[in-house]
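Shown next, in structure tokens, is the structure this report addresses.
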Protein chains: 2
Amino acid sequence: MVNQQFTFAVHILTALAFADETMDSQELAESVNTNPVVIRRLLLGLRHAHLVETYTGKHGGTKLSRKPAQISLLEVYDAVQPRPVIAINERKASKHCRVSCNMREIMSGVAAGAEGAVREHLRGITLQKLLRKVRRAA
Amino acid sequence: MVNQQFTFAVHILTALAFADETMDSQELAESVNTNPVVIRRLLLGLRHAHLVETYTGKHGGTKLSRKPAQISLLEVYDAVQPRPVIAINERKASKHCRVSCNMREIMSGVAAGAEGAVREHLRGITLQKLLRKVRRAA
DNA sequence: TAAAGTGTAACGGAAACAATTACAGTTTTA
DNA sequence: TAAAACTGTAATTGTTTCCGTTACACTTTA
């Protein structure tokens with residue numbers, strides 16, 4: 001993965017879980033060390049996945065829409081829609097080459113399996129677990 | 001993953017397995033549909049991992065250095081050294097924020113688990129399996 | 001010694017991302 | 001009711017990462 005959207009999203013949600021109250025995009029941006037607009041763009045996806053609720057206007061901000069124990073990292077992963085774990089070669093195959101003609105389908109299977117393995121791993125991790133790690137730490 | 005080095009590498013090796021004789025970088029480039037120099041750059045890593053042997057000079061080229069059944073996609077993965085499956089936020093933490101101060105370590109654990117899941121998946125796939133799929137196809 | 005390969009450095013362009021600016025819209029509250 | 005303090009979102013810029021390409025020295029064969 002090249003982009004940090006998933007990491008940022010997990011960070012945001014963990015911060016919200018730890019705070020247990022609404023935070024505005026400026027506060028979240030400071031915790032992640034980025035720009036508030038970057039945060040708001042991410043919140044768009046998280047809101048759409050019903051992981052957070054945000055309020056506009058003065059004293060606006062964002063809070064979790066569920067308990068941390070009810071949010072798995074798989075949901076976060078799906079919410080940010082990251083690029084595939086394994087990229088496949090989308091360009092045209094060389095027609096007279098049997099390997100070339102079949103590689104796309106073959107690699108699709110490999111990539112799907114890898115994607116599934118990652119998803120199963122993330123399914124088992126809840127925000128609650130991460131929150132406990134923060135609390136246990138120094 | 002944003003780059004296609006792993007896919008290209010698997011394609012190259014499958015083509016070599018299917019041909020069962022040396023191929024030059026021009027032939028491989030046509031099968032993958034890219035430039036011969038791109039192929040030669042990838043072969044550098046594969047050679048270093050002892051997956052292929054290449055010969056310089058006239059009638060030079062590359063062949064597998066082992067039977068397809070002895071080569072797993074995990075070895076290919078390690079040979080090309082792709083970017084991590086999950087990128088972590090490397091920037092400085094905000095000191096007064098407990099979440100910020102702990103996220104790097106927490107996400108490292110998540111990322112390592114995801115990486116491990118992908119690796120285990122790839123470990124179970126040999127070049128021989130892919131070769132059989134090519135042969136079975138049309 | 002010419003031909004046909006590989007090895008590798010160097011450069012250019014495209015695509016993906018993050019950061020930033022800007023501003024309209026929405027609440028609160030003084 | 002107007003100012004203050006937020007969010008939503010479009011548009012732009014700069015950086016980084018890749019891939020493609022050219023170029024050329026080196027190696028082997030015929």
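Values reported hereafter were calculated over all heavy atoms of this structure, with side chains retained and with hydrogens, waters and symmetry mates removed. Here is how names work: the chains are called A, B, and so on, in the same order as the sequence lines, proteins then strands, and each is numbered from 1.
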Using whole Å, what does the distance between atom [atom2] of nucleotide [N] and atom [atom1] of [X] come to?
X      : N       : atom1 : atom2 : value
L43(A) : dG8(D)  : CG    : C1'   : 11 Å
E90(A) : dC19(D) : CD    : C1'   : 16 Å
I39(A) : dT9(D)  : CD1   : P     : 16 Å
Y55(A) : dG8(D)  : OH    : P     : 12 Å
F6(A)  : dA18(C) : CZ    : P     : 14 Å
R47(B) : dT8(C)  : CZ    : C1'   : 11 Å
Q4(A)  : dA19(C) : CD    : C1'   : 13 Å

Any chance you could lay out the side chain to side chain contact (heavy atoms under 4.5 Å, CB included) test for Y77(A) and H121(A), step after step, and finish with the verdict? CA-CA 11 Å; Y77(A) 190 76; H121(A) 175 66; over 6 Å; no
Residue pairs passing the salt bridge (charged side-chain N to carboxylate O under 4.0 Å, His left out) test where at least one lies in [range], sequence neighbours excluded:
range                     : result
residues 51-65 of chain B : E53(B)-K63(B)
residues 28-50 of chain B : none
residues 13-28 of chain A : none

Residues in side chain to side chain donor-acceptor pair (under 3.5 Å) with Q128(A), at least two apart?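 Q128(A): no side chain to side chain donor-acceptor pair (under 3.5 Å) contacts found.
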- Query: Which residues pass the side chain to side chain donor-acceptor pair (under 3.5 Å) test with D78(A), sequence neighbours left out?
  - Reply: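 For D78(A), the residues satisfying side chain to side chain donor-acceptor pair (under 3.5 Å) (neighbours in sequence not counted) are R119(A).
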Contacts under 3.5 Å, N or O only, protein and nucleotides 14-16 of chain D:
none

(Q) If I compare all heavy atoms of V76(A) with all of A9(A), which pair ends up nearest, and what's the gap? (A)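 Answer, listing the atom of V76(A) first, then A9(A): CG1-CB, 3.7 Å.
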>> Near DNA chain D, counting only heavy atoms under 4.0 Å, which residues of residues 10-36 of chain B show up?
In response: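 Those residues are T34(B), N35(B).
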Original post:
If you fit an axis to the five pairs at each end of the helix from dT1(C)-dA30(D) to dA30(C)-dT1(D), how big is the angle between those two axes, to 10 degrees?
Top reply: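 One end axis against the other gives 0°.
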Q. How would you list, by chain and number, every residue that makes a side chain to side chain contact (heavy atoms under 4.5 Å, CB included) with S72(B), sequence neighbours excluded?
A.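 With neighbours one apart ignored, the set is L74(B), E75(B).
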inquiry  = Restricting to side chain to side chain contact (heavy atoms under 4.5 Å, CB included), what partner residues turn up for E90(B), sequence neighbours left out?
reply    =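 Side chain to side chain contact (heavy atoms under 4.5 Å, CB included) list for E90(B), sorted by chain: I88(B), R104(B).
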Protein heavy-atom contacts under 4.0 Å, written 5' to 3' over nucleotides 22-30 of chain C as B (base), S (sugar-phosphate only) or - (none), form the string B---BBBS-
Check: Can you list the residues that meet the salt bridge (Lys or Arg N to Asp or Glu O under 4.0 Å) rule with E105(B), with sequence neighbours excluded?
Finding: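 Salt bridge (Lys or Arg N to Asp or Glu O under 4.0 Å) list for E105(B), sorted by chain: empty.
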What's the separation between atom CG in L73(A) and atom CE in M107(B), rounded to the nearest 0.5 Å?
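Rounded to the nearest 0.5 Å, the CG-CE separation comes out at 7.0 Å.
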L13(A) side, atom CG; L43(A) side, atom CG - distance, nearest 0.5 Å
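Result: 8.0 Å between the selected atoms.
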Which part of the nucleic acid, if any, lies within reach of L44(A) when heavy atoms closer than 4.0 Å are counted: base, sugar-phosphate only, or nothing?
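It contacts sugar-phosphate atoms only.
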*Taking a hydrophobic cluster as the set of Ile, Leu, Val, Met, Phe, Trp and Tyr residues connected by side-chain heavy atoms closer than 4.5 Å, whether directly or through intermediates, do L16(B) and V80(B) fall within one such cluster?*
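As far as the 4.5 Å side-chain criterion goes, V80(B) and L16(B) are connected within one cluster.
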* Check whether any side-chain nitrogen or oxygen of N3(A) sits under 4.0 Å from OP1 or OP2 of dC17(C), and answer yes or no. =>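 So the side-chain polar atoms of N3(A) do come within 4.0 Å of the phosphate oxygens OP1 or OP2 of dC17(C), strictly under.
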Fill in: Polar pair under 3.5 Å, donor/acceptor by atom type, side chain R41(A), base dA19(C)
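Result: at least one qualifying N/O pair found.
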Next on the checklist: I want to check something: taking the side chain as every heavy atom from C-beta on, are L130(A) and V110(B) in contact at a cut-off of under 4.5 Å?
Outcome noted: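 Yes, their side chains come closer than 4.5 Å.
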